[in-house]
Asks: 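Sharing a structure here in structure tokens format.
For the numbers below, each heavy atom of this structure counts, side chains included, while hydrogens, waters and symmetry mates do not. Numbering of ligands and ligand atoms starts at 1, following listing order. By convention here, the first residue in the shown sequence is residue 1. Everything numeric here is computed off the predicted structure, so don't read it as measured data.
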Amino acid sequence: MTHPAAALRAMRPVKSYACAQCGREFTASDERARYCSNRCRQAAKYARLKAEKDR
Ligand SMILES: [Zn+2]
């Protein structure tokens with residue numbers, strides 16, 4: 001028995017991207033994916049907030 005959401009995810013093509021934060025290559029099925037991990041996503045978000053604050 002397969003979970004419907006898992007089946008949908010399996011149908012999506014997995015592509016490889018370069019992380020916008022650390023530059024590391026990672027694969028994701030989400031075409032909007034920009035970061036290799038939550039850690040990088042948070043780091044990028046924090047860096048942007050900090051940059052705006054320093055302005
Ligand atoms: Zn990364």
Asks: If I compare all heavy atoms of C40 with all of C22, which pair ends up nearest, and what's the gap?
Replies: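 Where C40 meets C22 most closely, the heavy atoms are SG-SG, 3.8 Å.
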Asks: Partners of A44 by side chain to side chain contact (heavy atoms under 4.5 Å, CB included), sequence neighbours excluded?
Replies: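 So A44 forms a side chain to side chain contact (heavy atoms under 4.5 Å, CB included) with Q21, Y35.
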Asks: Could you grab the protein N, O or S atoms closer than 2.8 Å to the Zn ion (ligand 1) for me?
Replies: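 Short answer, with waters excluded from the count: C19 SG, C22 SG, C36 SG, C40 SG.
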Asks: Hydrophobic cluster mates of F26, side-chain heavy atoms under 4.5 angstrom, ILVMFWY only, any path?
Replies: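 Listed partners: Y17.
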Asks: If you look only at pairs with a residue in residues 31-54, which of them pass as a salt bridge (Lys or Arg N to Asp or Glu O under 4.0 Å), with sequence neighbours excluded?
Replies: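 Checked against salt bridge (Lys or Arg N to Asp or Glu O under 4.0 Å) - neighbours excluded - the pairs reaching residues 31-54 are D30-R32.
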